[in-house]
*Asks:* 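After the structure tokens below, expect a handful of questions from me.
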Amino acid sequence: MNTTTALVTGANKGIGKEIARRLVADGWTVHVGSRDVERARTAVDEIGGGAVPLQLDVTDPGSVADAARVVTNAFLPAFGARHIRASSTSPAGPDR
């Protein structure tokens, strides 16, 4: 059982995708967070290994709560293991 788990936001492209790719290459299970779950699935197909798609819009509290439940359930079986969250996104504000 893999005991290293990560959540990477914005992992369907750019820096987030590269972070996810490298973590998977090192044997981590990585939740690939993306606003669009289809883009997350495409990224997971490209990353392979231990990548898992996760719909997550960091600007939507409901989406964050749903993602937190999914990730928490994934973390619980591996209590005491190493876990990280890497964010390559920031919530859009009125001046962005």
*Asks:* Less than 4.5 Å apart, any side-chain heavy atom of Val32 and any of Val8?
*Replies:*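 No - every pair of side-chain heavy atoms lies 4.5 Å or more apart.
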*Asks:* Would you name the heavy atoms of Leu54 and Ala67 that are closest together and state the gap between them?
*Replies:*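 Looking at all heavy atoms of both residues, the closest pair is CD2-CB, 4.0 Å.
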*Asks:* Once rounded to the nearest 0.5 Å, what's the spacing between atom NE2 of His31 and atom OG1 of Thr9?
*Replies:*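 Atom-to-atom, His31:NE2 and Thr9:OG1 are 13.5 Å apart.
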*Asks:* Is there side-chain contact between Arg21 and Val24, with heavy atoms separated by less than 4.5 Å?
*Replies:*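 Not touching, per the 4.5 Å side-chain cut-off.
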*Asks:* Working to the nearest 0.5 Å, report the span between CG of Leu7 and OG1 of Thr29.
*Replies:*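 Going from CG on Leu7 over to OG1 on Thr29, the span is 12.5 Å.
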*Asks:* Show, in sequence, the C-alpha distance, side-chain angles and deciding distance for Arg69 and Asp66, and conclude whether the side chain to side chain contact (heavy atoms under 4.5 Å, CB included) test is met.
*Replies:* CA-CA 5 Å; Arg69 278 189 290 279; Asp66 290 344; 2.3 Å; yes
*Asks:* Quick one: does Val30's side chain get under 4.5 Å of Val52's, heavy atoms only?
*Replies:*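 Sidechains of Val52 and Val30: no contact.
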*Asks:* Any side-chain heavy atom of Thr4 within less than 4.5 Å of one from Leu23?
*Replies:*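 Thr4 vs Leu23: side chains apart.
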*Asks:* Taking the side chain as every heavy atom from C-beta outward, state whether Glu18 and Arg22 have any atom pair closer than 4.5 Å.
*Replies:*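 The answer is yes, as the side chains (C-beta and beyond) meet within the 4.5 Å cut-off.
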*Asks:* Using modelled atom types and a 3.5 Å cut-off, is there a donor and acceptor pairing between side-chain atoms of Ser63 and backbone atoms of Thr59?
*Replies:*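 Judged by distance alone, no pair lies under 3.5 Å.
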*Asks:* Would a distance-only check, ignoring hydrogens and angles, find a side-chain to backbone donor-acceptor pair under 3.5 Å from Gln55 to Arg35?
*Replies:*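 Confirmed, Gln55 side chain pairs with Arg35 backbone.
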*Asks:* Are Val70 and Val37 co-members of a hydrophobic cluster defined by side-chain heavy atoms under 4.5 Å apart?
*Replies:*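 Shared cluster, no.
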*Asks:* Apply side-chain hydrogen bond (donor to acceptor under 3.5 Å, both in side chains) to Ser34 and Asp36, showing your working.
*Replies:* CA-CA 5 Å; Ser34 175; Asp36 182 326; 5.8 Å; no
